[in-house]
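Quick caveat: nothing in here was measured; it's all calculated off a predicted structure. Note: hydrogens, waters and symmetry copies are ignored here, and every other heavy atom, side chains too, is used.
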Amino acid sequence: MFNLRVPLPARDEVFLMNTLTDAQLVVSRDVADVLDRCVANSNPIGGYRREEWEAFKTLADNGFLVASREVDRRNLDAYLDEVKSDTSELNVTLLTTLQCNFACDYCFQGDHGDYNKHAERMSLETALRVGDWIERELDRVHPEKLVLTFFGGEPLLNLPVMYELADRMWHATQARDIPIFVNIITNGLLLTPDVVDRMLPYGLNGIKVTLDGDKDAHNRMRPLRGGQGTFDRIVENIRKVAGRCRIAIGGNFDETSVDSYPALLDFLSAQEFADKLVKVNFKPVVRTEAKPKGFIPLIPVGGKNANTHLNGSCMTSAGAGSGTSTCDNCDFVDDKMAWLREETKRHGFTTPDGVHNGPCHVHKQHAHTIGPDGSLYACPGFTGQLAMSTGHIDDRKDSWRQSSREKFDRLAPWSDCGDCAFIPVCAGGCVASSQSQLGDMNLPTCHKRSFESAVIALAHDAASAA
């Protein structure tokens, strides 16, 4: 059920991948033929030459062959249960504030109208209670590590809270003899060497900075309220901190900005800090407002109008500043994501392979997002929607939070995905996106086309390395 293959005709070989076991093999065509014989034969054991039997055992040992479809499904259930209950890490994303100093037109947050007058900001008193809650979770879960991510809004607008919690969690993990990994997701405008130097002793692992295309595109997409550009200042800030800590570059594209990304990559590769960028990755903006005329609306998997060309909503991090933001045409997104992935690699930057995308934190019991008021959420994409809160740092027993928690515990959007080989790495798509666009977080959305192009690229990379 989870086997994928990509022919490599120039080598007369085949790339095999099993998405459940993550086994990846470049094999001769006759080994792939053994796999085909097993699929065609209801009793495949027997009748093999010695070398074929060795191939059979290799395929079985790597999960390409199982006793039955039912075994495959049981293995999938066991894998997803393991993902859900995994205690290897306690992962906490903390929103220090919902305020932002940018006025990105695709974001519900940011300096629009009087939003920042009312947007929540975590107090130091709440931060102390957050620290209490995290320590209780450390003692309850006994994880092997703590991953703490500061997010927003713009997290650097509330440095006292960030410093307080980073300091406290460093001492808490030291006392329990486990490592801590601290990450910051920021627009980069307030990023300084002082901030980095202050955070380094607390286990700073990396900082992600967003650039939405080349200078012109970025300044249009991510301006200040008065329309002033931010690109040059952000780049200068990156230049000052590169080498002090790990820096990743992210970006949010739409149909108006995507073609500017090669110019951004050209620019980044020419900078003296290029070799210090640990990852470069671009995602689509997600728009839920009315679609302009001429664009194709999103279609869910299994919907009455679904077909092989319209793949549903965007596989994006709905919490990464995109809020009311989804693509208008999913073929456009799938094609552009594949194109940008290859462009990024061509420029010499490390980027995700596009296959190993999940399951995401929403499916993990020990991954939490904490809003500025102390409310708990299953992922950043739901922050601020109190009806979607799954708990509170004060352990309040609100019935509506408990009801929400139970809904997330029962999540299984992949149950409508049939025999799709990508279930182990997709789990039915982005839950926050399904909820915001389709009104049902258990309704799966699909980017199979994007996954397939990523597997083809992975196959050719594996063949080149073989």
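Taking 4.0 Å as the cut-off between side-chain N and carboxylate O, D395 and R136 count as a salt-bridged pair. Ion pairing of D394 with R396 is present here, as a side-chain N (NZ or NE/NH1/NH2) and a carboxylate O approach within less than 4.0 Å.
For the side chain to side chain contact (heavy atoms under 4.5 Å, CB included) test with S375, the passing option among L386, T390, T369, I370 is L386; the others fail. Of the candidates D212, L265, D214, D214 is the only one forming a side chain to side chain contact (heavy atoms under 4.5 Å, CB included) with S260.
Nearest heavy atom pair, residue G131 against residue L165, reads N-CD2, 3.7 Å. In terms of heavy atoms, L59 sits closest to V31 at CD1-O, 3.9 Å. Residues C430 and T445 approach most closely at N-OG1, 4.0 Å, considering heavy atoms.
Partners of F267 under the ring-ring contact (aromatic ring centres under 6.0 Å, His included) rule, at least two apart in sequence or in another chain, are F231. Under the rule for a side chain to side chain contact (heavy atoms under 4.5 Å, CB included), the partners of P7 that lie at least two apart in sequence or sit in another chain are P9. In this structure, the side chain to side chain contact (heavy atoms under 4.5 Å, CB included) partners of I456, at least two apart in sequence or on a different chain, are V6, H460. The ring-ring contact (aromatic ring centres under 6.0 Å, His included) test applied to F2 returns no partner, not counting sequence neighbours. In this structure, R410 has no salt bridge (Lys or Arg N to Asp or Glu O under 4.0 Å) partners at least two apart in sequence or on a different chain. In terms of the salt bridge (Lys or Arg N to Asp or Glu O under 4.0 Å) criterion, residue partners of R405 (sequence neighbours excluded) are, by chain and number, D409. Partners of D259 according to the salt bridge (Lys or Arg N to Asp or Glu O under 4.0 Å) rule, which considers only residues two or more places apart in sequence or in another chain, are K336. With sequence neighbours excluded, the residues that form a ring-ring contact (aromatic ring centres under 6.0 Å, His included) with W133 are H368. R168 pairs by the salt bridge (Lys or Arg N to Asp or Glu O under 4.0 Å) definition with D132, E135, not counting sequence neighbours. In this view, Y377 satisfies the ring-ring contact (aromatic ring centres under 6.0 Å, His included) rule with no residue, not counting sequence neighbours.
Sequence neighbours left out, the pairs with a member in residues 268-281 that pass side chain to side chain donor-acceptor pair (under 3.5 Å) are R239-Q271, R239-E272. Judged as a salt bridge (Lys or Arg N to Asp or Glu O under 4.0 Å), the pairs with a partner in residues 59-71 (not counting sequence neighbours) are, in order, R69-D419.
Other residues, nucleotides and ligands contribute only 12 or fewer heavy atoms inside 6.0 Å of the CD atom of E82. Residue-environment remark: NZ (K407) stays at or below the threshold of 12 foreign heavy atoms within 6.0 Å.
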Requested in this report: Please test H142 against D139 for side-chain hydrogen bond (donor to acceptor under 3.5 Å, both in side chains), starting from the C-alpha separation and ending with a verdict.
Outcome: CA-CA 5 Å; H142 300 291; D139 292 334; 5.5 Å; no
Requested in this report: Determine, stepwise, if the pair S389 / R401 fulfils side-chain hydrogen bond (donor to acceptor under 3.5 Å, both in side chains).
Outcome: CA-CA 6 Å; S389 172; R401 294 186 201 266; 2.6 Å; yes
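Taking CD1 of I238 as the start and CG of L191 as the end, the distance is 7.5 Å to the nearest 0.5 Å.
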